[in-house]
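So the structure is just underneath, and the comments pick up after that.
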Amino acid sequence: MEARLRKLMESLPDGIDGALLLSAVNRQYYLGIVSSAGTLLVTRRKSYFIVDFRYIELARAKVRGAEVILQEDLEAQLGKLIEKEELTTIGTDVSTLTLSTYRDYDRMTGGRLTADGRLEEVISGQRQVKSEEELSCMAEAARILDRVYARILPFVRAGVQSRELQRRLGILASEEGSERASFGFAITAGDNWQEDDGYRDRVLPGRCLQTGDLVTLRMASRCQGYWADMSRTVQIGKASAEKKRLYEQAVKVQRILKHELRENACILTAVQKAAAETAGDGILIPGDVINAKEPDFGHGIGLELQEMPELSVECGKILKKGTALYVTVKAAIPGNCSVRIGDVVVVEENGARFLGAGSSPELIEV
Amino acid sequence: MERRIEVLMQNFPENVDAVLISGYEIRRYYTRTAIPGALLLVTKSAAWIFAPSRWQKEAAAIPEVISIPGNHVWENLNETLCREGIRNLAVQADEIRVSEYERLKRTAPCEVIADGRLDAVIYRQNCIKSEEEVQKLQRAQDIADKTFRETLNYIHAGMSDWELQKIVGTLFLDFGSEWDHFGHVMGVGVNTSMPHVRPNGTVIQPGDFVMVDIGGMVDGYGSDMTRMFAIEYADDRKREIYEIVRAAQKAGREAIALGKPCCEVDRAAREIIEEAGYGKNYLHGLGHTVGICVPGGPRFNQTDTTPLFSGLIMTVEPGIYLPGEFGVRIEDMMHITEDGVYNMTHSPHELIVV
């Protein structure tokens, strides 16, 4: 954590002489503690963490590289530090902070806050590239999902309600050691081919699985704060040649992405190469099944389930070694059925490597 | 079903042509549809939803709202603002992100207002729960009461708090809650001294307190309750603290009355804990509003002077937290109406030993 803070101190953008970080995820990343409150002030010279009595003991024991200060009168305390460090322009978490909170802090810092987005770019660039330690947490989270998937398969049967499967996923994720049990689940079959992955507020369909259904399972798990995400599609009963081809197409596109998403590759180029495979035969591959012109093959992952960069045509960024990504491909025959596979990978010199076992190359029939 | 968007249209802040709802929960309240990454634009006579393409189907199904699908929601919003000749647009300062606000100010073809007046209008409307909403919350709470009662049958010493989490999460789903993760606040033993404790693998010991701060969810409406129970026995110290909190919680509930400032309700409970000598171990306010997330709603704390009004649903949840020992919190959900104050939580307040 100390090295992370130092790196941020060294890479503050020109014209920004301090960073005031208020998001929980940034506290976790730079300080190594989980807390619902606390103000991290980073300058080129020194860092400070002001936190209230609830977390002070934890902070004193765990935080390295920042001076820990018990919060009393935050405004006065910030004022003193700003004067001492001679700060004039302070950046902050502009994409997560609400306008009200921003205004409060702007007042407390004597109008020194800036909504300049460059600071966040520096931070997200830094967070994208994972250390060995971070990758080992993510790999463990991915292995938990592999075990959960292996154990859920015997329950994916005709006659089982989707709700029951979801409950089972929660139990298995808990048993296999995920810090947070599984969340999403979606069935893709016939009339609801457009359904997206499980979303936290999705009301589950009460319908039973039937022979002939393509079933998509979406699972996530967390290990020491780091997420892994996974999508799998299996067929109940015998799959038609068309469905098998659809599945294989999705695997093929994911393989292209895995090959293209390598160190120093441009995301845009990789996404375009994969998207080029998607045309024809009424089969749409991009994650966004409705608008094939805007393919979306996933995003970064780490302390948050969804981080930068986005694997879309709008992202012209160059990949760095160690970047963790959730690479997902959805293939659909509009009005009929769809397949989704998704895995966590890490970018390496010659391509991306699965942190877990990866999808089966052939459609599994259960 | 009440027409929520129409109510908003009738209560626009003065000199505002249109309002933008960018917060997920609030947008869900107005549209009764959960769509992430969308924007809701409302003028005095019409409403539009700008939703990413993948949510096109859900967006199109919202009654009396014009759906404009496309992944570039902010650009699509600006086009509509331009076409409709909107001169000024109010946004919620408590919801809009700084980066979104900056972008809107830079690109919108109209003035952008973020002076807090829209926030106030929306909070007021959100806080007054309709019958439909009360029913949903009551259903969610009934599920939570049932889950709590059933949980007691399974918990014993030697079990870890992860197993507790698994049992509670499973029972919730079985009883019909739609919350599909198991991330409730709960803890055992010394961990209960942290108000927002989460399971960490601790094994339950005889004599431990177990804290469960749990809620069911029905149509996006989440209930909220907290109960403690003891494993096998509770020593005198635990019983003493439990009874203080129980008395404070009762005093808080009984202090609720229409028109009374929120801080006075807080005081009624706080005094009991202070008089017992544990004022410094009571780390938070007495309660908050419940339902669709309303950050700006009235709160039972030491500073909120909002007079209580009919239609509110609020929690009453005093606590005492003794670092290195244990903590106690008891929480109910109260519905405040013209006809009286109703406790929506039906689990007992007496200390349960299992």
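Quick note on labels: first sequence line is chain A, next is B, and so on, each numbered from 1. What you see is a predicted model; the values in this text were computed from it and never measured. All values below were derived from every heavy atom in this structure, side-chain atoms included, with hydrogens, water molecules and symmetry-related copies excluded.
When each of Asp93(A), Thr92(A), Thr98(A) is scored by its heavy-atom pairs under 4.5 Å with chain B, the top score falls to Thr98(A).
Heavy atoms closer than 4.5 Å to chain B are found in the side chain of Arg103(A), but not in its backbone. At a 4.5 Å heavy-atom cutoff, the contact between Glu102(B) and chain A is made by side-chain atoms alone.
Put simply, the side chain of Val94(A) does not reach to within 4.5 Å of the side chain of Tyr101(B), judged on heavy atoms.
Counting non-hydrogen atoms of neighbouring residues, nucleotides and ligands closer than 6.0 angstrom, the CD atom of Gln224(A) reaches no more than 12 such neighbours.
To the nearest 0.5 Å, atoms CD (Glu95(B)) and CG (Leu99(A)) are separated by 11.5 Å.
When every heavy atom of Ile171(A) is checked against every heavy atom of Thr170(B), the shortest pair comes out as CG1-OG1, 3.5 Å. Minimum interatomic distance between Ser95(A) and Ser99(B) (heavy atoms only, all atoms of both residues): CA-OG, 3.3 Å.
Arg97(B) contributes no side-chain N or O that, together with a main-chain N or O of Leu97(A), makes up a donor-acceptor pair within less than 3.5 Å.
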Chi angles and distances behind the side-chain hydrogen bond (donor to acceptor under 3.5 Å, both in side chains) call for Asp94(B), Ser100(A): CA-CA 5 Å; Asp94(B) 283 351; Ser100(A) 300; 2.3 Å; yes

